[in-house]
Amino acid sequence: MTTTSTRPTTDRAKLDAKALWRKDKDHFIHPFTDFSVFHDQGCDLITDSDGIYVEDAKGNRFIDGIAGLWCVNVGHGRAEIGQAMADQATRMAYFSTFNNLSNAPAAELAAKLAELAPEHLNHVFYSCGGSAANDATIRLVHYYFNRLGKPEKKRILSRNNAYHGTTYLAATLTGIASNNWDFDTLDHLVTHLSEANCYRRPEGMSETEYCDHLVAEFEETIERIGAENIAAFIAEPIMGAGGVLVAPRGYHARMQAVCRANNILFIADEVVTGFGRLGHFFASEAVFETRPDIINCAKGLSSGYAPLGATLISDEIYEVLGTPQRKGGVLSTGFTYSGHPVSCAAALKNIEIIEREGICKNVREVGPYLEEQLRTLSHHTTVGDVRGSHFMMCLENVADKATKELLPVEARVGDRIAFEAQKRGLIIRPVGHLNIVSPPLIWTRETVDRVVAILDEALTAATASLREDGYL
C-alpha cells in the first residue's frame with residue numbers, strides 16, 4: 001500500500017537542533033519520563049514525517065514501528081487531513097457545544113460512528129482522548145445507575161495490567177502497578193481481576209481450562225462484592241501497554257454473559273483496537289463476538305492528527321441519560337472541547353481515507369504475515385514469546401525460555417533492543433522487558449520483511465551486549 005504526501009519539510013539550515021534539544025530538556029515535562037537518563041540525555045526530537053517514516057532533528061530517517069503511539073493508523077503527512085482541519089479552522093475553529101449548541105463536523109461524525117459501530121450503539125459523547133473517554137464513561141455509568149435508583153452500584157471491575165489511561169479515575173482503572181508508583185488512586189471504586197495472559201497461565205492448564213479459570217474468578221469476585229454493588233466491567237479486547245495480551249478463545253463473550261446475568265455493564269476500551277488495528281473499525285463484535293453496552297475510542301479515531309476521544313453508548317443507556325432528571329436539570333458533564341469541530345473534521349477525513357483505501361482490508365491481509373514473520377524471531381535467546389494479532393504485536397524477552405524467568409530490571413533488555421533497532425532505522429516501543437510493534441496500518445509485506453530483518457540484527461546485537469554485561 002502506497003500513499004502520497006505533499007507535506008512541507010523542515011528547513012534544516014534554519015533548525016538549531018541543539019537549541020531545541022536544550023529547550024525541550026529544560027522545560028518540557030514528558031509523559032512517562034525516565035529521569036534516570038533524561039537529565040543527561042534529553043529526548044530525540046522528531047521533526048518530520050511522511051507515510052511510514054519519521055525523521056529526527058539531525059535528519060535521521062526511521063520506519064515508524066509504533067504509529068506514533070498506537071494512533072497514526074493512516075500514516076504520516078496526509079495532506080487531505082491537514083487541509084480538512086485548515087478548512088474547518090478557517091471557517092469556524094471553535095464554538096461551544098454546551099446548552100443545545102452544536103457544529104456540523106461533530107454531528108456528521110456522531111452519525112458516522114453510529115453507522116460503523118454495532119447497531120445498538122447510536123449515541124456519542126465526545127472527549128479529548130482515551131483517558132478522558134474512560135473517565136467520562138465511568139461518571140456517566142454512575143449517573144445512569146443513580147437515575148435508575150441504584151446508587152449503590154459504584155464498583156468497577158478492571159484487570160491487572162490493563163491500561164485505561166492516567167487521569168485520576170482512569171489511572172485507578174489501569175492495572176499496571178508501576179504506572180501508579182507513588183501516585184494516589186481511587187481504590188474504593190475499582191477492583192482488579194487477573195489479566196488474561198496465556199503465556200503465563202498456570203502450568204499444565206490448557207487454554208480452555210484457563211478460560212474457565214478466569215471466568216470462575218470473575219463470578220467469585222461478583223459473589224464476594226455483590227452484584228448489587230458493581231456497575232461495570234471494563235476490558236480492552238486485546239491488552240495494549242500491559243503486554244499485548246490476547247485472551248483465550250471465547251473469554252470476552254463469556255465475560256459479557258456473566259455481566260448480563262448480573263446486571264453489570266460491559267465496557268470495551270477500544271482506544272487501541274479501534275479503527276483498523278485488528279482489521280475492522282471496531283473489534284468487539286467483528287472479532288470477539290461481543291456486543292458491549294459502551295465502546296470507548298480515541299487514537300485511531302483521528303489517526304492522531306488532532307486530540308479526540310469518544311464514548312459510544314447503547315440505546316438502552318441513552319434512554320435513561322436522555323430523560324430530564326428534574327425541572328431545570330441538565331446533563332452537567334462535558335468538556336470545553338467536546339465535539340471540537342477541527343478534531344471532528346480530522347476524524348471524518350481519516351475515516352474517509354480508511355474506507356476509500358481499504359486500509360482495514362490491508363490489515364487483514366498483511367497482519368497475519370506480520371505475525372508469521374515476527375514469530376521467526378523466536379530462535380533468539382531472549383525471545384520467550386511473540387504474541388498479538390494483526391498490527392498489534394509484542395515480543396516478551398526472558399532470561400530463560402524454559403522457566404520464563406525474567407532478566408533483572410537493570411539489564412534494561414527492552415531498551416537495549418529498541419536502541420539497537422533505532423540505530424538501524426526502526427522505532428519500536430520498549431516497555432520494561434517487552435518490545436511492542438504497533439505500526440501504521442499501511443505497511444506492506446515488503447515493509448514487514450525490512451522490519452523483521454532489522455529486528456533480527458537488533459536482537460543479535462542486544463543479546464551480545466547482555467552477555468558482555470554478564471546478564472546471560
Side-chain angles (χ1 to χ4, degrees), residues 97 100 102 106-107 109-127 132-158 164 169 173 189-190 218-219 222 225-237 252-271 273-274 280-298 301 309-326 329-334 338-339:
T97 58
N100 294 9
S102 192
L109 180 60
K112 186 63 180 179
L113 292 175
E115 174 192 320
L116 295 171
E119 63 181 2
H120 65 297
L121 299 174
N122 288 305
H123 309 278
V124 179
F125 184 87
Y126 290 116
S127 51
N134 285 323
D135 222 306
T137 291
I138 302 307
R139 190 157 197 243
L140 289 171
V141 164
H142 286 162
Y143 177 79
Y144 167 75
F145 281 115
N146 289 343
R147 297 295 317 283
L148 288 177
K150 299 179 179 180
E152 69 282 356
K153 286 179 79 69
K154 289 289 186 286
R155 191 69 64 92
I156 309 298
L157 301 184
S158 183
H164 298 294
L169 180 52
L173 297 172
L189 289 176
V190 180
F218 188 38
E219 293 173 327
I222 293 171
I225 296 172
E228 70 278 6
N229 298 312
I230 301 171
F233 169 61
I234 185 168
E236 304 154 89
H252 289 285
R254 291 183 63 185
M255 296 293 269
Q256 179 183 275
V258 173
C259 287
R260 292 280 189 272
N262 289 277
N263 191 27
I264 294 169
L265 297 179
F266 184 82
I267 304 170
D269 180 347
E270 290 222 43
V271 169
T273 58
H280 301 272
F281 273 100
F282 294 101
S284 291
E285 187 171 45
V287 180
F288 297 97
E289 299 178 339
T290 59
R291 287 171 56 84
D293 298 292
I294 294 172
I295 291 179
N296 291 330
C297 56
L301 170 57
T311 296
L312 280 57
I313 293 171
S314 72
D315 296 330
E316 183 179 355
I317 294 173
Y318 179 74
E319 185 177 351
V320 174
L321 301 185
T323 301
Q325 55 180 231
R326 66 198 70 188
V330 298
L331 182 67
S332 52
T333 189
S338 292

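Atoms considered below: every heavy atom in the structure, side chains included; atoms not considered: hydrogens, waters and symmetry mates.
- Here the OH atom belonging to Tyr143 is positioned 4.0 Å from the CD atom belonging to Gln325, to the nearest 0.5 angstrom.
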side-chain contact (heavy atoms from CB on, under 4.5 Å) for Glu236 and Asn296? Distances and angles first, verdict last. CA-CA 10 Å; Glu236 304 154 89; Asn296 291 330; over 6 Å; no
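- Taken to the nearest 0.5 Å, the CG atom of Asp269 stands 11.5 Å off from the CD1 atom of Ile294.
- Applying the side-chain contact (heavy atoms from CB on, under 4.5 Å) test between Leu157 and each of Ile234, Val190, Ile225, Ile267 identifies Ile225 as the sole match.
- Atom CG of Leu301 is separated from atom CG of Leu109 by 6.0 Å, given to the nearest 0.5 angstrom.
- In this structure, the separation between NE2 on His142 and CG on Leu189 is 5.5 Å, given to the nearest 0.5 Å.
- In this view, Val320 and Tyr144, Arg147, Leu148 satisfy the side chain to side chain contact (heavy atoms under 4.5 Å, CB included) rule, not counting sequence neighbours.
- Partners of Asn262 by side chain to side chain contact (heavy atoms under 4.5 Å, CB included), not counting sequence neighbours, listed by chain and number: Ile222, Ala227, Val258, Ile264.
- Atom CD of Glu289 sits in a sparse spot, with 12 or fewer heavy atoms from other residues, nucleotides or ligands closer than 6.0 Å.
- In this structure Asp293 satisfies the side chain to side chain contact (heavy atoms under 4.5 Å, CB included) test together with Arg260, Leu265, Phe266, Ile317, sequence neighbours excluded.
- The side-chain hydrogen bond (donor to acceptor under 3.5 Å, both in side chains) check on Thr333 picks up Arg139, with sequence neighbours excluded.
- A distance-only check finds a donor-acceptor pair linking the side chain of Lys153 to the backbone of Ile230 [under 3.5 Å].
- Note that the CZ atom of Phe233 and the CD1 atom of Ile156 stand 11.5 Å from one another [nearest 0.5 Å].
- Residues meeting the side chain to side chain contact (heavy atoms under 4.5 Å, CB included) test with Pro324, sequence neighbours left out: none.
- If you take OG1 on Thr290 and CD on Gln256, they are separated by 5.5 Å, rounding to the nearest 0.5 Å.
- Across all non-hydrogen atoms, the minimal contact from Glu270 to Ala283 is OE1-N, 2.9 Å.
- Atom CD of Glu152 is surrounded by more than 12 heavy atoms from other residues, nucleotides or ligands within 6.0 Å.
- Minimum interatomic distance between His252 and Pro237 (heavy atoms only, all atoms of both residues): NE2-O, 2.8 Å.
- No side-chain donor-acceptor contact under 3.5 Å links Ser338 and Thr97.
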Only distances under 3.5 Å count here; give the side-chain donor-acceptor pairs of residues 120-127 to other protein atoms, sequence neighbours excluded, each with its distance to 0.1 Å.
unit_1	atom_1	unit_2	atom_2	d
His120	ND1	Arg291	NH2	3.3
His120	NE2	Pro292	O	2.6
Asn122	ND2	Glu119	O	2.9
Asn122	ND2	Asp315	OD1	3.1
Asn122	ND2	Asp315	OD2	3.1
His123	NE2	Asp315	OD1	3.0
Tyr126	OH	Ala106	O	2.7
Tyr126	OH	Ala110	N	2.9
Ser127	OG	Ala133	N	3.3

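- Within 6.0 Å of atom OH in Tyr318, 12 or fewer heavy atoms from other residues, nucleotides or ligands are found, so the atom counts as exposed in its surroundings.
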